[in-house]
Amino acid sequence: MSDILKIIAFPLSLIMMAYGAITILGGHITPGGGFQGGAMMASGAILCVITYGLKNNPYNLSHNRMSIIESLGALAYVGLGLCGLFIGGSFLYNLGANIYGLVPAGIATIFNYPDALHAGIIPYLNFVVGLKVFIGLTSIVLVFKGITNFKEDYVDTEELD
């Protein structure tokens, strides 16, 4: 890649990831949320992967690190859903908002998101969905980039024609 692109790619990816984080954190009161913010954050990481390659990537997205982040996102989502199931009576019941008055006051204050609109667990769900989408989309591009590098390094392109 060109030197100009390498100079611009990392700061631009930081801006893209920050904008994705803002979209995730404000997703309960604005259009957007976990999926949209996670896709924005993934586009920042993908820009660095395409510009710098797999080995020189400034984010150092190893398989173990990505696996841990995605697993934590999935476990947190299921954990929030099970809390709603056992305490509120239905999966993903909004414990912080306590719409039907099923949740004891002590537990409702734990999940009460400090917002004027009483979003409850929705911001937390946006956060874990954003993690899953970020890692999922980034891993797809990492696999494609790895296959492309393998094909360029080890497979004779004349044999494919």
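The first residue in the sequence is number 1, and the count goes up from there. Computed from a predicted model, the values in this text were never measured in an experiment.
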Could you list the donor-acceptor pairs under 3.5 angstrom formed between side-chain atoms of residues 45-57 and any protein atom two or more places apart in sequence or on another chain?
unit_1, atom_1, unit_2, atom_2, d
Thr51, OG1, Leu47, O, 2.8
Tyr52, OH, Lys6, O, 2.4
Asn57, OD1, Tyr59, N, 3.3

Tabulate below the donor-acceptor pairs under 3.5 Å that side-chain atoms of residues 17-27 make, not counting sequence neighbours, or state none.
unit_1, atom_1, unit_2, atom_2, d
Thr23, OG1, Tyr19, O, 2.9

Output side-chain donor-acceptor pairs under 3.5 Å for residues 75-83, partner residues at least two apart or in another chain, one line each.
none

Qualifying residues under side-chain hydrogen bond (donor to acceptor under 3.5 Å, both in side chains), relative to Gln36, sequence neighbours excluded: none
Between the CG atom in Leu61 and the CD1 atom in Ile69, the distance rounded to the nearest 0.5 Å is 7.5 Å
For Ser43, check side-chain hydrogen bond (donor to acceptor under 3.5 Å, both in side chains) against everything at least two apart and list the hits. none
Can you run down the salt bridge (charged side-chain N to carboxylate O under 4.0 Å, His left out) pairs that involve residues 85-104, sequence neighbours left out, and say none if there aren't any? none
For Ser62, what residues pass the side chain to side chain contact (heavy atoms under 4.5 Å, CB included) criterion, not counting sequence neighbours? Asn64, Arg65
Salt bridge (charged side-chain N to carboxylate O under 4.0 Å, His left out): pairs with one or both residues in residues 70-89, sequence neighbours excluded: Glu70-Lys132
Restricting to pairs with a member in residues 7-18, which pass salt bridge (charged side-chain N to carboxylate O under 4.0 Å, His left out), not counting sequence neighbours? none
Which residues pass the side chain to side chain contact (heavy atoms under 4.5 Å, CB included) test with Ile15, sequence neighbours left out? none
Can you pull out every salt bridge (charged side-chain N to carboxylate O under 4.0 Å, His left out) where at least one residue sits in residues 77-105? Sequence neighbours excluded, please. none
Below 3.5 Å, can you tabulate the donor-acceptor pairs from side chains in residues 133-140 to any protein atom, sequence neighbours excluded?
unit_1, atom_1, unit_2, atom_2, d
Thr138, OG1, Phe134, O, 2.6
Ser139, OG, Ile135, O, 3.1
Ser139, OG, Gly136, O, 2.8

